[in-house]
Amino acid sequence: MIRAGVGFHAFFGLGWLLAGLGHFGGAVTGAAGLLGVVVALALVLVARSRSPEAAGGVSPPSRRRRFRQVNAVQWVLVAVVATGCGAGGVPELIMPLVAVVVGLHFLPLAGVFGDPRLVVPGAALAVVGVAGLLARAADASPGAVSTLVGVGCALALWSTAAWFIAGARGAG
């Protein structure tokens, strides 16, 4: 389970980084992409080499079903946010609101996996999303909001992955 969690956190962190810095284009986006790939791969490789073998076991069917349900609700809400913000003429609010939705989806996942540590990245992503909303309300540019939310979410997810690896090493 640790290995799978680290993989999710590592590569979704890469996605957030690219989403947050993509508006720069060119060399900045290329450098961010390269850095993000290196960080994500490093986290996955370290998790693979250092986490206990049992950490990669298969979840029971009821847990997998609940995981799929929580994620289905999350993706529906993401679609509603994207559609609503697009139709409402405020596309710059999509990233912060999606960060809040993604953060909140970690709360039921903490129960699904019996791992209260999942509340931490959930709270971190939700706080980053709210910070993005507040920044926009304070007249920050859409690019600044995108950067704040994307980089903030990437760092939160990568920090969580590293924390999980450290915990697995300590348990092993």
Side-chain angles (χ1 to χ4, degrees), residues 1-20 36-37 39-85 93-136 145-146 148-172:
M1 175 109 97
I2 298 289
R3 290 180 186 176
V6 167
F8 276 111
H9 287 86
F11 287 104
F12 275 103
L14 170 60
W16 277 105
L17 182 71
L18 291 174
V37 167
V39 170
L41 288 175
L43 287 165
V44 168
L45 292 173
V46 170
R48 182 181 167 130
S49 70
R50 296 190 181 170
S51 66
E53 203 56 40
V58 176
S59 296
S62 61
R63 181 178 290 165
R64 288 193 308 265
R65 182 174 48 257
R66 185 73 180 123
F67 173 77
R68 284 191 303 269
Q69 291 169 342
V70 169
N71 279 293
V73 168
Q74 173 199 230
W75 287 110
V76 166
L77 291 173
V78 165
V80 167
V81 163
T83 302
C85 288
L93 298 184
I94 293 172
M95 279 187 65
L97 290 172
V98 167
V100 171
V101 168
V102 172
L104 293 177
H105 109 286
F106 277 94
L107 303 181
L109 289 181
V112 168
F113 292 111
D115 190 348
R117 296 178 303 171
L118 288 172
V119 170
V120 174
L125 267 64
V127 166
V128 168
V130 169
L133 293 170
L134 293 173
R136 186 63 187 138
V145 171
S146 177
L148 169 70
V149 175
V151 172
C153 288
L155 293 174
L157 291 170
W158 288 339
S159 298
T160 300
W163 178 35
F164 285 7
I165 292 167
R169 281 191 350 179

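The chain is numbered in sequence order, starting from 1.
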Residues pairing under side-chain hydrogen bond (donor to acceptor under 3.5 Å, both in side chains) where one sits in residues 93-109, two or more places apart or in two chains, turn out to be Asn71-His105, Gln74-His105
Pairwise side-chain contact, Trp163 with Val120, heavy-atom cut-off 4.5 Å (strictly under): yes
Sequence neighbours left out, cut at 3.5 Å: what donor-acceptor pairs do the side chains of residues 121-131 make with other protein atoms?
none

Side-chain donor/acceptor of Thr83 to backbone N/O of Val80, under 3.5 Å: no
Ring pair (Phe, Tyr, Trp, His ring centres under 6.0 Å) filter on Phe8, not counting sequence neighbours, yields none
Interatomic distance, OG1@Thr160 vs CZ@Phe106, rounded to 0.5 Å, equals 7.0 Å
Residues pairing under side-chain hydrogen bond (donor to acceptor under 3.5 Å, both in side chains) where one sits in residues 5-14, two or more places apart or in two chains, turn out to be none
d(Leu17 CG, Trp158 CH2) to nearest 0.5 Å is 4.5 Å
Between Leu97 and Cys85 the two heavy atoms that sit nearest each other are CD1-SG, 3.7 Å
Between Phe11 and the options Leu41, Leu157, Leu43, the side-chain contact (heavy atoms from CB on, under 4.5 Å) test singles out Leu41
So salt bridge (charged side-chain N to carboxylate O under 4.0 Å, His left out) across residues 121-136, not counting sequence neighbours, yields Glu92-Arg136
Taken to the nearest 0.5 Å, the spacing of Leu109 CG from Leu104 CG works out to 11.5 Å
In Leu133, Val149, Val100, Val145, the residue satisfying side-chain contact (heavy atoms from CB on, under 4.5 Å) with Met95 is Val149
What one should report as the nearest heavy-atom pair of Trp16 and Ala154 is CB-N, 3.9 Å
When every non-hydrogen atom of Ala40 is compared with those of Ala10, the smallest separation belongs to CB-O, 3.5 Å
Across all chains, not counting sequence neighbours, the side chain to side chain contact (heavy atoms under 4.5 Å, CB included) partners of Ala110 are Leu118, Val119
Output for pair (Trp75 CH2, Leu77 CG), nearest 0.5 Å, gives 11.5 Å
